[in-house]
Colleague: 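Have a look at this one before I ask anything.
Keep in mind that this is a model prediction, so the values were computed, not measured. Lettering follows sequence order; numbering is per chain, from 1.
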There are 2 protein chains.
Amino acid sequence: KRPRAAEKREWGVIKASEHSKNTVNPIRKIVDSLNVPHNPEKEPIRLNLGDPTVLGNLPPSDVAVQAMEDVIRGHKFDGYGPAVGAQCAREAVAKKFTHPNAPITADDVILASGCSHALEMAIVAIADPGENILVPNPGFPLYTTLCKPNGIETLSYNLKMEHGGIVDLVHLESLINDKTRAIIVNNPSNPTGVVFTKEHLEEILRLAYKHKLPIIADEIYGDLTYDGATFHPMATLSPQVPIISCDGIAKRYLVPGWRLGWVIVHDRFGALTEVKQGMVALSMKIVGPCALVQGALPRILQDTPQSFFDHIKEVLSANANAVYKSLSRIPGLKPLKPQGAMYMMIGFDDEIYGEETKLMQDLIREESVICLPGSAFNSPNWFRLVLTYPLEVTEEACERISEFCLRRLKLSKAYGPLKNT
Amino acid sequence: KRPRAAEKREWGVIKASEHSKNTVNPIRKIVDSLNVPHNPEKEPIRLNLGDPTVLGNLPPSDVAVQAMEDVIRGHKFDGYGPAVGAQCAREAVAKKFTHPNAPITADDVILASGCSHALEMAIVAIADPGENILVPNPGFPLYTTLCKPNGIETLSYNLKMEHGGIVDLVHLESLINDKTRAIIVNNPSNPTGVVFTKEHLEEILRLAYKHKLPIIADEIYGDLTYDGATFHPMATLSPQVPIISCDGIAKRYLVPGWRLGWVIVHDRFGALTEVKQGMVALSMKIVGPCALVQGALPRILQDTPQSFFDHIKEVLSANANAVYKSLSRIPGLKPLKPQGAMYMMIGFDDEIYGEETKLMQDLIREESVICLPGSAFNSPNWFRLVLTYPLEVTEEACERISEFCLRRLKLSKAYGPLKNT
Ligand SMILES: Cc1ncc(COP(=O)(O)O)c(C=O)c1O
Ligand SMILES: Cc1ncc(COP(=O)(O)O)c(C=O)c1O
């Protein structure tokens with residue numbers, strides 16, 4: 001039944017809340033801008049999707065699958081559990097991640113509906129409207145998506161993209177003011193794939209210590225590192241700073257859709273007692289993540305064989321090296337060599353290649369290769385590609401990118417810089 | 001390493017946000033108050049837990065279990081899906097709940113991490129700080145838990161507990177002011193188990209229409225009705241009012257731990273266009289519920305046999321009638337007969353039985369029967385029990401409650417009213 005015109009007028013459009021209007025993910029708009037027709041003669045290769053499961057070459061471990069099946073048949077996890085998570089699952093996280101320098105128990109763990117939800121709880125528990133949190137730039141856009149609707153400002157500190165993607169500490173320190181509540185550190189980093197050294201992490205910790213700022217450590221990629229890099233959980237280093245580590249099984253266990261994450265509260269100096277209570281309170285809103293996955297978590301964390309992780313790292317390393325080798329030969333392209341996470345950033349000379357969204361659109365139109373423009377991470381003149389595809393697919397993509405670039409290069413030599421066209 | 005005292009002082013306790021401090025669930029405190037020793041000679045019977053799965057007598061359907069297993073083996077739902085939910089799952093919800101008077105498509109459905117999360121999205125998308133939403137009293141305390149930290153006030157409209165638990169429409173209308181953004185209607189009701197008639201729902205709709213207020217319909221118990229009562233989805237009745245229906249598989253499919261819910265937006269007169277966009281935006285924060293359960297949803301909704309629901313309803317009806325028969329014989333007890341959901345409220349004369357929390361504590365101490373005091377729902381002189389246990393357990397509980405009450409009754413006759421003791 002279509003309403004009569006009078007009824008329509010009578011009701012008008014009900015306004016949405018400011019909160020919902022301020023909930024914005026820039027990636028959405030950018031992904032929409034990539035919605036251009038690809039070259040019909042070439043199979044599309046989607047290097048834009050940060051989802052390791054899309055091609056099916058990296059399935060979850062048998063351990064995880066079997067654990068889920070047993071939980072479903074066992075009927076011990078069909079009911080409501082505690083909002084902070086099932087005791088056995090919290091214990092499993094504590095057991096897996098406790099460290100002599102950063103001992104934790106189940107009490108320090110709050111389960112979440114993915115690392116996204118873990119980040120939401122940490123952010124919302126620590127800052128009030130009008131306060132601010134420092135976030136990396138380029139960085140994962142969700143931090144701002146979560147802060148902004150709550151009236152929490154994000155101040156972006158630069159990663160030195162021309163110097164290995166490390167934190168510009170001078171810039172970071174210059175942003176800190178009396179409204180600053182926390183620093184978000186994402187290591188290994190999305191989008192750069194850079195893994196910070198112990199020394200660099202300690203420099204960041206010294207700044208946090210000096211300014212008495214807790215750190216929200218987004219460690220979702222954890223020890224998914226390769227080519228000799230080592231992951232250091234921030235909580236294990238010195239100086240000791242109160243740290244809220246946000247993590248989950250999405251990436252290392254290759255099950256992003258299972259939506260299980262957690263917060264680990266390293267409550268140094270008793271500084272986080274109230275914030276932890278705050279997160280416990282926030283967990284009541286949606287009563288914890290899927291209990292079935294919680295029930296499977298102990299076995300997933302304890303029994304997944306090292307060979308499973310080794311295989312992922314081999315795939316990542318092979319991809320990273322292939323892309324690096326292929327694209328660093330192209331004039332005006334500057335790949336940043338990654339050693340962790342699942343991504344790689346390629347810088348480019350805009351004098352030669354022009355503006356990035358247009359460039360990425362043309363790459364789709366001509367070569368059916370889809371990459372994410374750096375603007376998704378606030379990083380113009382860069383684009384990101386994922387490293388989780390079968391090597392031959394990645395190599396094919398690199399060839400196409402190379403040919404595309406070489407065509408541009410000729411054009412630019414013939415007609416001068418493309419920048420303003 | 002324990003921090004040195006100086007370090008401890010240096011950091012101080014970091015303040016938690018106002019938002020997290022205002023996230024309060026009154027049930028928690030009340031449940032804590034029930035933490036008194038039970039009678040060691042009697043096995044505890046926990047009629048306080050709103051979880052039908054605790055005793056194992058009501059397992060989920062084979063269809064649901066099999067669907068989950070197939071999804072886990074099929075590896076089509078390990079990855080990220082759209083934040084609003086997988087298309088097939090949204091379509092399944094639309095197909096199941098579309099109605100000639102209230103036609104919907106997949107576009108009108110947003111999946112959520114349980115009905116709790118559906119309610120959160122609806123509430124946060126529709127009201128700004130300083131505005132208010134009307135909620136039932138007695139009612140599900142989560143509404144206030146979700147509103148308050150966002151600065152949204154809840155105004156409680158009375159259910160006429162002495163008159164079958166229907167809405168006091170005069171009271172409801174008296175609360176509406178220019179800051180009112182929506183009315184939450186929970187039917188069938190937690191905690192009363194009352195199912196509103198078509199005529200009563202239409203009275204509520206007329207009020208909503210008159211004041212141009214959309215309704216958030218918490219229909220999580222849906223057609224879980226018995227003893228001749230019929231459930232009418234509010235969106236199917238007239239006058240047509242913009243309705244956001246919040247629902248999920250927790251209760252009717254006996255899988256509260258699976259954490260799958262949804263919002264259906266009945267966007268009459270185009271009134272909810274922006275609010276719907278707002279909810280779509282909010283869904284990005286935690287990127288949808290567990291994809292495995294989403295993948296199983298089409299089969300769960302389509303293939304669960306009627307016999308499964310019939311069995312639950314038989315259990316509920318048998319329990320409700322046994323409790324009613326047993327406890328309405330006790331002087332000073334006034335059970336409210338339910339016809340839906342999974343609960344029953346028992347009113348009592350405080351002149352005889354005294355204050356409710358003390359009464360419930362004594363019931364635990366003497367009879368090891370645990371019920372929820374009405375204060376959990378803002379309803380003094382009532383207590384709630386669940387109706388999902390095996391009949392013999394419920395009957396045993398009723399006998400114990402009866403004996404307990406009869407002892408009190410004698411005491412009160414001997415010494416006068418207990419109220420002020
Ligand atoms: C840095 C970073 N943090 C958090 C997340 C979110 O993880 P989850 O899927 O567990 O919510 C992602 C996902 O891409 C990420 O890249
Ligand atoms: C009236 C009402 N609404 C919503 C919910 C929450 O449902 P879910 O477990 O799907 O979040 C409950 C749970 O008890 C309820 O009683």
Colleague: With a 4.5 Å cut-off on heavy-atom pairs, point out which of A:P60, A:A86, A:P239 contacts chain B the most.
Modeller: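 Top option by heavy-atom pairs under 4.5 Å: A:P60.
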Colleague: Rounded to the nearest 0.5 Å, what separates atom CH2 in A:W11 from atom CZ in B:R268?
Modeller: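 Nearest 0.5 Å value for the CH2-CZ distance: 10.0 Å.
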Colleague: Determine, for A:E274 against B:K15, whether the closest basic-nitrogen to carboxylate-oxygen distance falls under 4.0 angstrom.
Modeller: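 Salt bridge between A:E274 and B:K15, a charged N being under 4.0 Å from a carboxylate O: no.
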Colleague: Please check: side-chain N/O of B:E131 versus main-chain N/O of B:T180, any donor-acceptor pairing under 3.5 Å?
Modeller: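 No; judged by distance alone, with no hydrogens or angles, the pair does not exist.
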Colleague: Under 4.5 Å from any heavy atom of chain B, what part of A:N150 do you find: side chain, backbone, both or neither?
Modeller: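 Just the side chain, heavy atoms under 4.5 Å.
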Colleague: Tell me if a side-chain donor or acceptor on A:D51 pairs with a main-chain N or O of B:G79 at a distance below 3.5 Å.
Modeller: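 Pair absent, no side-chain N/O of A:D51 close to backbone of B:G79.
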Colleague: What residue in B:K76, B:E69, B:M121 has the most heavy-atom pairs under 4.5 Å with chain A?
Modeller: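 It is B:E69.
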Colleague: Where does A:E120 contact chain B at under 4.5 Å (heavy atoms): side chain, backbone, both or neither?
Modeller: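 Contact with chain B is through the side chain of A:E120 alone.
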Colleague: For B:I14, is it the side chain, the backbone, both, or neither that has a heavy atom closer than 4.5 Å to a heavy atom of chain A?
Modeller: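 Interface part for B:I14: both.
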Colleague: Test of understanding: with side-chain hydrogen bond (donor to acceptor under 3.5 Å, both in side chains), list the residues that count as partners of A:T145, not counting sequence neighbours.
Modeller: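 With neighbours one apart ignored, the set is empty.
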Colleague: Under a 4.0 Å N-O cut-off, is there an ion pair linking B:R181 with B:D128?
Modeller: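 So B:R181 does not pair with B:D128 through a salt bridge.
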Colleague: What option among A:K285, A:H19, A:Q294 has the most heavy-atom pairs under 4.5 Å with chain B?
Modeller: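 Option with the top pair count is A:K285.
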Colleague: Between B:T23 and B:S20, does any side-chain donor sit less than 3.5 Å from a side-chain acceptor?
Modeller: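 No.
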Colleague: Side chain, backbone, both or neither: which part of A:P289 has an atom under 4.5 Å from a heavy atom of chain B?
Modeller: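 Interface part for A:P289: backbone (N, CA, C, O).
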Colleague: Between B:V275 and B:I244, what is the shortest heavy-atom contact and its length?
Modeller: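 Answer, listing the atom of B:V275 first, then B:I244: CG1-CD1, 4.1 Å.
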Colleague: Taking every non-hydrogen pair under 4.5 Å, which of A:G114, A:P242, A:P149 racks up the most with chain B?
Modeller: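 Most heavy-atom pairs within the cutoff with chain B belong to A:P242.
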Colleague: Tell me, side chain or backbone of A:V24 under 4.5 Å from chain B's heavy atoms, or both, or neither?
Modeller: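 The backbone, not the side chain.
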Colleague: Assess whether atom CG of B:N57 is packed by more than 12 heavy atoms of other residues, nucleotides or ligands within 6.0 Å.
Modeller: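 Yes - once you tally the heavy atoms of other residues, nucleotides and ligands closer than 6.0 Å, there are more than 12.
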Colleague: B:A118 versus chain A, heavy atoms under 4.5 Å apart: side chain, backbone, both or neither?
Modeller: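 For B:A118, neither part sits under 4.5 Å from chain A.
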Colleague: Heavy-atom pairs under 4.5 Å with chain A: which of B:I152, B:D267, B:L254, B:I72 has the most?
Modeller: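 Top option by heavy-atom pairs under 4.5 Å: B:I72.
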Colleague: Contact part of A:T53 toward chain B, heavy-atom cut-off under 4.5 Å: side chain, backbone, both or neither?
Modeller: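 Answer is side chain: those atoms of A:T53 sit under 4.5 Å from chain B.
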Colleague: Looking at A:S116, A:A125, A:A102, which has the largest count of heavy-atom pairs under 4.5 Å with chain B?
Modeller: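 Among the listed options, the one with the most contacts to chain B is A:A125.
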Colleague: Measuring heavy-atom distances to chain B, does A:A112 have an atom under 4.5 Å in its side chain, in its backbone, in both, or in neither?
Modeller: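 Neither the backbone nor the side chain of A:A112 comes within 4.5 Å of chain B.
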Colleague: For B:D70, is the CG atom crowded, meaning more than 12 foreign heavy atoms sit under 6.0 Å from it?
Modeller: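 Buried by this count: over 12 neighbours within 6.0 Å.
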Colleague: Relative to chain B, which segment of A:F77 carries a heavy atom at a distance below 4.5 Å: side chain, backbone, both, or neither?
Modeller: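 Backbone only.
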Colleague: Heavy-atom cut-off 4.5 Å, strictly under: side chain, backbone, both or neither for A:K21 against chain B?
Modeller: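 No part of it gets close to chain B.
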Colleague: Among the options B:V54, B:N25, B:V124, pick out the one with the most heavy-atom pairs lying under 4.5 Å from chain A.
Modeller: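 Heavy-atom pair counts peak at B:V124.
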Colleague: Where do A:Y80 and B:R259 come nearest, in terms of heavy atoms and distance?
Modeller: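 Looking at all heavy atoms of both residues, the closest pair is CE2-NH1, 3.6 Å.
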Colleague: Do the side chain of A:R252 and the main chain of A:I220 share a donor and acceptor less than 3.5 angstrom apart?
Modeller: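 Yes; judged by distance alone, with no hydrogens or angles, the pair exists.
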Colleague: Anything under 3.5 Å between a donor and an acceptor, one on a side chain of residues 276-283 of chain B, the other on a protein residue two or more places apart or in another chain? List them.
Modeller:
{"unit_1": "B:K276", "atom_1": "NZ", "unit_2": "B:D107", "atom_2": "O", "d": "3.3"}
{"unit_1": "B:K276", "atom_1": "NZ", "unit_2": "B:D108", "atom_2": "OD1", "d": "3.0"}
{"unit_1": "B:S283", "atom_1": "OG", "unit_2": "B:V280", "atom_2": "O", "d": "2.6"}

Colleague: Which of the residues B:A16, B:A291, B:G261, B:P256 is involved in the greatest number of heavy-atom pairs with chain A at under 4.5 angstrom?
Modeller: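 Of B:A16, B:A291, B:G261, B:P256, B:P256 has the most heavy-atom pairs under 4.5 Å with chain A.
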Colleague: Between A:G288, A:G50, A:A271, A:A64, which residue shows the highest count of heavy-atom pairs closer than 4.5 Å to chain B?
Modeller: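 Looking at each option in turn, the highest pair count goes to A:A271.
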Colleague: So which part of B:L213 gets closer than 4.5 Å to some heavy atom of chain A, the side chain, the backbone, both or neither?
Modeller: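 When you check distances to chain A, only backbone atoms of B:L213 fall under 4.5 Å.
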Colleague: Side chain, backbone, both or neither: which part of A:H117 has a non-hydrogen atom closer than 4.5 Å to chain B?
Modeller: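 When you check distances to chain B, atoms from both the backbone and side chain of A:H117 fall under 4.5 Å.
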